[in-house]
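Reminder, nothing fancy here: chain letters follow the sequence lines and each chain counts from 1.
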2 protein chains.
Amino acid sequence: MNKQAASEKPYHHGDLHEKILCSACELLEENTVSSLSLRAVAKKVGVSHTAPYRHFKDKESLLAGIAAVGFDRLSAQLADAVAAFPDDPATQLQEAGHRYVQLALECPQCTQLMFGGILPCDDTYPALRASGDAAFDGLKQIIEDGQASGAFKTGDIELLALTAWSAIHGLSLLLVSGNLPEILSSMIDNRALTSAVTTTMLEGLKAHHSDI
Amino acid sequence: MNKQAASEKPYHHGDLHEKILCSACELLEENTVSSLSLRAVAKKVGVSHTAPYRHFKDKESLLAGIAAVGFDRLSAQLADAVAAFPDDPATQLQEAGHRYVQLALECPQCTQLMFGGILPCDDTYPALRASGDAAFDGLKQIIEDGQASGAFKTGDIELLALTAWSAIHGLSLLLVSGNLPEILSSMIDNRALTSAVTTTMLEGLKAHHSDI
DNA sequence: ACCTGAACACCGTTCAAGT
DNA sequence: ACCTGAACACCGTTCAAGT
């Protein structure tokens, strides 16, 4: 009795689940996502290499947990971009693009994990899928607001959102993967690259007032 | 004497280098790029698991060989797109986009290998880098022609090329990695998705005739 | 309930040794 | 010159066993 509420997970370590996830996140960015080993995570936490199996079904399940956190961070950045420029969907979209690229550059390995086709995107990991969908919903909302205010051209919201997403996603992954040719990657300011992409992208999304 | 010319590599197997590369390409698409093992390639070729080391420095070196082939295929598709619509840069760019996406969908694992940050893009593999740069040069040429003919807006060629590339690259990787939300991935026709992206992208690239 | 250690089947890579 | 086999240090995962 006196079980001190229902939420307890003491015994040998504190919240091992959380500790493992946290350490994994750190180790992930120290190297390549494919070089992250469950055994190394366990060693870093200070626990036997089989202990993580009490908290994650397997390695992939742990990776899914990390990726979900990444998508949540992305959603948060999107929300901040919207809040920063109320009632200005065009600027919101541009700001969202900048933050998307910035986040990708800050945690490149996590970005690869989220978008590198490493994890299944079906319903194997519902939490992961939910986090990913939430991020896309945030983007759709900006497009919808822009259409409502007449700033963006009309058309299928999903398709317009996909277009904006593709542009900024492509740039992000090209930066993260290092596939840009020397001329571009030697540009001091990544913000200039992002601006070039978002500006042209916005140009294509804008309503053509000559059509009215 | 009578050495039958200079090009000989008989002994036990024919051109083992080529056989390994070829088998690796096939095995690659049968599974994930990260699950491709050198030992499995050797077994498929019918040779001991250390034999590949006579022809490739290590596993990464073999992967770089595969990726270079991928970039060459991309360049070829670009060239075909240009040839198909002479003197029409806008249509060339759209066609190039379609072929880029199509190629990515045909060999998703090779695409991940080429763009997944698995290989170093510095001068570690000169052939790989050269193949990659060649593909980008093809794209730049389309942009340049479009500017010359007045179809595209003026501006830094590299930046405009990057913009076009980002849009189509982003779509390709989103398709290949499976990160699209259900609504979009359930669309029967990927060509419709590609058209949506390329059309809006072209809209942003076009010269604004009202500016003249 | 939570963790450990031995064990298994796989890796990539090296190296002495065979033809 | 080209290939092999044993060996090493790593994996992920399972399972009986400990507290």
Side-chain angles (χ1 to χ4, degrees), chain A residues 1-21 23-24 27-28 30-67 109 113 118-120 124-125, chain B residues 1 3-24 27-28 30-67 109 113 118-120 124-125:
Chain A
M1 311 127 205
N2 186 15
K3 271 192 125 189
Q4 199 174 335
S7 62
E8 283 258 32
K9 7 185 131 181
Y11 206 67
H12 259 169
H13 309 84
D15 193 343
L16 190 51
H17 181 97
E18 197 60 23
K19 268 194 196 165
I20 289 173
L21 208 100
S23 294
L27 277 182
L28 173 62
E30 282 179 21
N31 241 292
T32 329
V33 52
S34 65
S35 74
L36 178 72
S37 88
L38 213 47
R39 286 168 109 109
V41 174
K43 182 184 272 185
K44 173 158 184 165
V45 174
V47 86
S48 89
H49 65 271
T50 59
Y53 285 89
R54 291 292 125 196
H55 302 273
F56 298 92
K57 196 199 150 228
D58 51 18
K59 186 186 178 184
E60 193 181 76
S61 187
L62 169 59
L63 292 178
I66 302 174
Q109 294 307 317
L113 173 58
I118 295 162
L119 297 169
T124 314
Y125 302 105
Chain B
M1 312 125 208
K3 272 193 124 188
Q4 200 173 335
S7 62
E8 283 258 31
K9 8 185 134 182
Y11 207 66
H12 260 170
H13 309 85
D15 192 344
L16 189 51
H17 181 99
E18 197 61 23
K19 267 193 197 165
I20 289 172
L21 208 101
C22 226
S23 293
L27 276 182
L28 173 63
E30 284 178 19
N31 241 293
T32 328
V33 52
S34 65
S35 74
L36 177 71
S37 90
L38 214 46
R39 286 168 110 109
V41 174
K43 183 183 270 186
K44 172 157 184 166
V45 173
V47 86
S48 89
H49 66 269
T50 60
Y53 284 90
R54 292 292 127 195
H55 301 274
F56 298 92
K57 197 199 151 229
D58 51 18
K59 186 186 178 182
E60 191 181 77
S61 187
L62 169 58
L63 292 179
I66 303 175
Q109 294 307 316
L113 173 58
I118 296 163
L119 297 169
T124 314
Y125 302 104

Euclidean distance, atom CG of residue A:L16 to atom P of C:dA1 [Å, nearest integer]: 17 Å
Between P of D:dG12 and CG of A:L63, the distance in whole Å: 10 Å
Smallest separation among heavy atoms of B:S48 and B:A42, with atom names: O-CB, 3.5 Å
Flag side-chain contact, heavy atom, 4.5 Å: A:V47 against A:I20: no
B:L16 side chain near B:R54 side chain, heavy-atom distance below 4.5 Å: no
Per B:R39 side chain, nearest of listed nucleotides C:dT4, D:dT4, C:dC11: C:dC11
B:K43 NZ to C:dC11 C1', straight-line distance once rounded to whole Å: 13 Å
Per-nucleotide pairing state of DNA chain D [Watson-Crick or G-U, under 3.5 Å; [ ] pseudoknot-crossing; | other strand]: ||.|||||...|||||.||
Nearest heavy atoms of B:L36 and B:L28, plus distance in Å: CD1-N, 3.9 Å
Residues within residues 49-57 of chain B bordering DNA chain D, heavy-atom distance below 4.0 Å: B:H49, B:T50, B:A51, B:R54, B:H55
Shortest non-hydrogen contact between B:P120 and B:Y125, atoms and distance: CG-CE1, 3.8 Å
Whole angstrom value for the distance that separates C1' of D:dT14 from CG of A:L38: 13 Å
Pair B:S34-B:T32, side-chain donor/acceptor within less than 3.5 Å: no
B:I118 CD1 to C:dG12 P, straight-line distance once rounded to whole Å: 14 Å
Sub-4.5 Å side-chain heavy-atom contact between A:L119 and A:E60: yes
B:S37 vs C:dC11: side-chain N/O to OP1/OP2 distance below 4.0 Å: yes
4.5 Å side-chain heavy-atom contact, B:S37 and B:H49: no
